[in-house]
Amino acid sequence: MPTATKHAVFDNIIFNNRAGDEQNSGAGGGICVRESTPIITGNYIISNYGSGGGIECGVFAAALISNNVIYGNSTSTINGYGGGLYCWKA
């Protein structure tokens, strides 16, 4: 019988992704976590755009985020939050 494992995002380069536009930021330009408990470790999360430009965790998320390089990510100045990391209702 298979054993249950957690979802994991590790040892990736997550670069130059986009969620939304200059007026409205979409959720998580690099990574979006909702209703899950992933392990996010050892990644380069660079130059992404969205609400939570690098990583967004929301709606009952319980992510373990460690040993990542989160650099140069951005969000909309109108309704975006957290250029690098944004957590809400997590």
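Position 1 is the first residue of the sequence; numbering continues from there. Please read all numbers here as calculations on a predicted model, not as lab measurements.
- By the side-chain contact (heavy atoms from CB on, under 4.5 Å) test, L85 pairs with I55, I65, C87, sequence neighbours left out.
- Counting heavy atoms from C-beta outward, W88 and V59 have side chains that approach closer than 4.5 Å.
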Please report, to 0.1 Å, the donor-acceptor pairs under 3.5 Å made by any side chain of residues 27-38, with sequence neighbours excluded.
unit_1	atom_1	unit_2	atom_2	d
R34	NH2	E56	OE2	2.6
S36	OG	R34	O	3.4

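- Every residue two or more places apart in sequence or in another chain that forms a side-chain contact (heavy atoms from CB on, under 4.5 Å) with N73 is listed here: I45, N48, I70.
- Here the OG atom belonging to S74 is positioned 6.5 Å from the OH atom belonging to Y49, to the nearest 0.5 angstrom.
- Not counting sequence neighbours, the partners of N12 by the side chain to side chain donor-acceptor pair (under 3.5 Å) test are N43.
- No donor-acceptor pair closer than 3.5 Å links the side chain of N16 to the backbone N or O of I46.
- No side-chain heavy atom of Y86 sits less than 4.5 Å from a side-chain heavy atom of C57.
- Between the side chain of T41 and the main chain of F10, no donor-acceptor pair closer than 3.5 Å is present.
- Residue pairs meeting the salt bridge (Lys or Arg N to Asp or Glu O under 4.0 Å) criterion with at least one member in residues 58-68: none, sequence neighbours excluded.
- Residues in residues 38-52 take part in no salt bridge (Lys or Arg N to Asp or Glu O under 4.0 Å) pair, two or more places apart or across chains.
- A salt bridge (Lys or Arg N to Asp or Glu O under 4.0 Å) check over residues 38-48, counting only residues at least two apart or in different chains, returns nothing.
- Through side-chain heavy atoms spaced under 4.5 Å, either directly or across other Ile, Leu, Val, Met, Phe, Trp or Tyr residues, L64 is tied to I39.
- Note on V69: it clusters hydrophobically with I13, by side-chain heavy-atom contacts below 4.5 Å among ILVMFWY residues.
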